[in-house]
Novice: 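Shown below is the structure under consideration.
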Amino acid sequence: MAHLSDPHLLADGARQYGAVDTDAGLVRALARLRQVDPPPQVIVFTGDLADKAEPAAYARLRELVEPLAEEMGSQVVWTMGNHDERAPYAAGLFGVSDPERQVAPQDRVHDVDGLRVIALDTSVPGYHHGAIDAEQLGWLAGVLATPSAHGSVLALHHPPIPVPMLRAAEVIELADQHLLAEVVGGTDVRAIIGGHFHFSSFSTFAGIPVSVASASCYTSDPAPLDRFVSGVDGHQAFTMLHLYEDRVVHTIVPAQSAVEVSGFAAGVAAVVEAIDPAERREILSRKDSDFNRKIVGPPRA
């Protein structure tokens with residue numbers, strides 16, 4: 001599972017805060033995602049898909065993401081954020097034309113080969129903080145009443161965890177988190193994933209691991225100098241989730257590539273995999289093996 005968040009796309013090439021090229025940021029992240037091997041079975045976006053909820057921004061989002069998802073054989077899961085607006089979101093991403101359905105919470109369930117991914121709308125129309133109303137909680141409880149074959153992942157924009165490195169975000173966090181805890185505790189939810197913070201973070205909630213993905217637009221500096229809040233055009237990343245039978249592994253993937261200083265060509269993998277496991281450990285783990293002695297200096301010209 002690939003977890004991306006907060007692309008904040010804008011229409012007509014506009015720059016976020018007059019500086020950030022959000023389109024280019026998402027393009028970079030998707031280019032890096034294309035390098036992930038094997039490709040993810042599902043790509044989940046946890047909100048703030050469009051910075052100003054412009055229909056053209058949602059159209060551009062689909063234009064960038066859907067061909068890549070088809071190429072990789074991945075499902076796409078969209079989730080509402082506080083910058084999104086329900087009507088253009090529902091119309092642009094799901095083709096919903098009914099006015100009542102457009103303004104209702106945009107909650108959806110996706111099946112990914114027996115893994116249930118639940119997109120929960122935590123947006124509050126007209127506000128930036130998050131909330132889940134009683135009807136949504138009842139709906140969620142009903143969904144979780146029947147376990148899925150490989151469990152569930154709950155995707156929402158406002159993570160139900162503290163933000164000690166960004167105290168300014170406390171006023172716009174998810175309200176009444178204890179009510180959500182009463183619903184998800186003891187269920188088959190294996191992970192909760194969110195965005196909103198614009199930096200990676202991890203915690204637990206009702207005994208469930210929580211993973212917050214960074215943004216592909218700008219990021220929040222968790223250690224700014226003499227600033228109450230500092231958004232920076234750097235350190236963008238997304239998160240990969242690998243779900244095993246008994247655990248979930250979260251890996252942060254920087255959106256920007258870096259200079260390689262050591263490594264081996266991709267063809268080495270087939271050679272390594274063909275070696276007997278016991279011999280493989282001796283070759284790869286032994287400090288003075290020929291293999292380890294060769295990891296010196298830049299491997300590329």
Side-chain angles (χ1 to χ4, degrees), residues 1-10 13 15-17 19-46 48-49 51 61 64-65 67-69 71-72 74 159 165-166 193-202 211-225 227 229-242 248-273 283-285 287 289-301:
M1 174 185 293
H3 174 201
L4 292 86
S5 200
D6 295 85
H8 285 262
L9 291 190
L10 286 155
R15 298 288 179 113
Q16 190 180 31
Y17 303 120
V20 180
D21 187 341
T22 61
D23 191 283
L26 181 56
V27 168
R28 276 194 301 271
L30 295 177
R32 286 281 280 169
L33 179 57
R34 183 179 271 107
Q35 296 177 222
V36 171
D37 184 26
Q41 291 177 275
V42 58
I43 306 170
V44 184
F45 282 83
T46 50
D48 281 0
L49 310 179
D51 193 62
L61 180 67
L64 290 173
V65 175
L68 174 62
E71 172 190 320
M72 297 192 301
S74 307
M165 298 297 287
L166 188 62
I193 60 176
H196 195 45
F197 298 166
H198 288 233
F199 60 79
S200 303
S201 187
F202 302 90
S211 174
V212 180
S214 186
S216 64
C217 58
Y218 75 92
T219 63
S220 298
D221 187 344
L225 179 63
R227 302 290 289 173
V229 176
S230 180
V232 298
D233 190 2
H235 316 303
Q236 293 88 344
F238 59 90
T239 304
M240 291 297 302
L241 280 73
H242 291 83
V248 181
V249 177
H250 307 257
T251 306
I252 298 172
V253 182
Q256 186 70 46
S257 61
V259 176
E260 182 181 281
V261 294
S262 70
F264 286 90
V268 173
V271 176
V272 170
E273 290 168 2
I283 292 172
L284 300 184
S285 179
K287 294 179 180 179
S289 71
D290 289 341
F291 183 90
N292 282 314
R293 281 202 296 260
K294 289 177 182 177
I295 306 181
V296 292
R300 295 178 179 177

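These figures come from a predicted structure and were not determined experimentally.
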Novice: Identify which one of Thr22, Leu49, Asp48, Asp51 satisfies the side chain to side chain contact (heavy atoms under 4.5 Å, CB included) criterion when paired with Leu9.
Specialist: Thr22
Novice: Write down the atom of Arg32, the atom of Ala255, and the distance for their closest heavy-atom approach.
Specialist: CG-O, 2.9 Å
Novice: Side chains of Thr46 and His3: do they bring a donor and an acceptor to under 3.5 Å?
Specialist: yes
Novice: To the nearest 0.5 Å, what is the distance between CD (Gln35) and OG (Ser257)?
Specialist: 7.0 Å
Novice: To the nearest 0.5 angstrom, please state how far the CG atom of Leu68 sits from the CD1 atom of Ile43.
Specialist: 5.0 Å
Novice: Would Leu30 and Leu4 count as a side-chain contact (heavy atoms from CB on, under 4.5 Å) if you check the C-alpha gap in whole Å, the side-chain angles of each, and the deciding distance to 0.1 Å?
Specialist: CA-CA 9 Å; Leu30 295 177; Leu4 292 86; 4.3 Å; yes
Novice: Is there a side-chain contact (heavy atoms from CB on, under 4.5 Å) between Ile252 and Phe202? Walk through the geometry before answering.
Specialist: CA-CA 11 Å; Ile252 298 172; Phe202 302 90; 3.9 Å; yes
Novice: For the side chain of Gln236 and the backbone of Ala215, is there at least one donor-acceptor N/O pair under 3.5 Å apart?
Specialist: no
Novice: Taking atom NE2 of His196 and atom CG of Leu166, what is their separation to the nearest 0.5 Å?
Specialist: 9.0 Å
Novice: Under 30°, 30 to 60°, or over 60°: which ring-plane class applies to His198 and Tyr218, parallel, tilted or perpendicular?
Specialist: tilted
Novice: Tell me the closest heavy-atom pair linking Phe238 and Ala29, and the distance in Å.
Specialist: CE2-O, 3.5 Å
Novice: So which atom in Ala2 and which in Leu33 form the shortest heavy-atom distance, rounded to 0.1 Å?
Specialist: CB-CD1, 3.7 Å
Novice: Go through the steps for Met72 and Val36 under the test side-chain contact (heavy atoms from CB on, under 4.5 Å), then give the verdict.
Specialist: CA-CA 10 Å; Met72 297 192 301; Val36 171; over 6 Å; no
Novice: Which value, rounded to the nearest 0.5 Å, describes the distance between Ser216 atom OG and Asp23 atom CG?
Specialist: 9.5 Å
Novice: Do Ser214 and His235 come within less than 4.5 Å of each other through their side chains, counting heavy atoms only?
Specialist: no
Novice: Look at the side chain of Ser74 and the backbone N and O of Pro40, then say whether any donor-acceptor pair between them is shorter than 3.5 Å.
Specialist: yes
Novice: side-chain contact (heavy atoms from CB on, under 4.5 Å) for Arg15 and Asp21? Distances and angles first, verdict last.
Specialist: CA-CA 5 Å; Arg15 298 288 179 113; Asp21 187 341; 3.8 Å; yes
Novice: I'd like to know if the side chain of Thr219 and the backbone of Gly234 have a donor-acceptor N/O pair within less than 3.5 Å.
Specialist: yes
Novice: I need the His250 NE2 to Met240 CE distance, nearest 0.5 Å.
Specialist: 12.0 Å
